[in-house]
Amino acid sequence: MAKGKLNKFFSVIFGCSITIGFLGFVLLLIHKVITGHGLDYYKTGHGVEMNYIGVLITVCIMFIVSIIGFVVKIFIKLRENYLISKYNKKTKRRKYRDRE
């Protein structure tokens, strides 16, 4: 394999492992809330005490904000394309002759 293809391969594998790990964490949060341990505290990696319901709400808010950001990005791109096509038309300009 070429070096560029190998880097892409490792990037895809790393991205998939991060995604699978995050989905596993979300499933653990859902399981804890369903079984009645939603208000139990645990320490995060930074030493902050949080409960499972709070983390689940935070993950949901992150998901909703990501969707809103994606929709706004599409809207801005469509608006930009519209303005470019509107004002990028070639117009005929008059040629002014020098009067002597």
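Note that this is a predicted model, so its numbers are computed, not measured. Numbers for residues simply follow the sequence, beginning at 1.
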What pairs of donor and acceptor atoms, side-chain ones from residues 70-84 against any protein atom, are under 3.5 angstrom apart with sequence neighbours left out?
unit_1 : atom_1 : unit_2 : atom_2 : d
N81    : ND2    : K77    : O      : 3.4

Residues 16-37 side chain polar contacts: donor-acceptor under 3.5 Å, at least two apart:
unit_1 : atom_1 : unit_2 : atom_2 : d
S17    : OG     : I13    : O      : 3.4
S17    : OG     : F14    : O      : 2.8
T19    : OG1    : G15    : O      : 2.8
T35    : OG1    : H31    : O      : 2.9
T35    : OG1    : K32    : O      : 3.2
H37    : ND1    : D40    : OD2    : 2.9

Output side-chain donor-acceptor pairs under 3.5 Å for residues 50-64, partner residues at least two apart or in another chain, one line each.
unit_1 : atom_1 : unit_2 : atom_2 : d
N51    : OD1    : G54    : N      : 3.0
T58    : OG1    : G54    : O      : 2.8

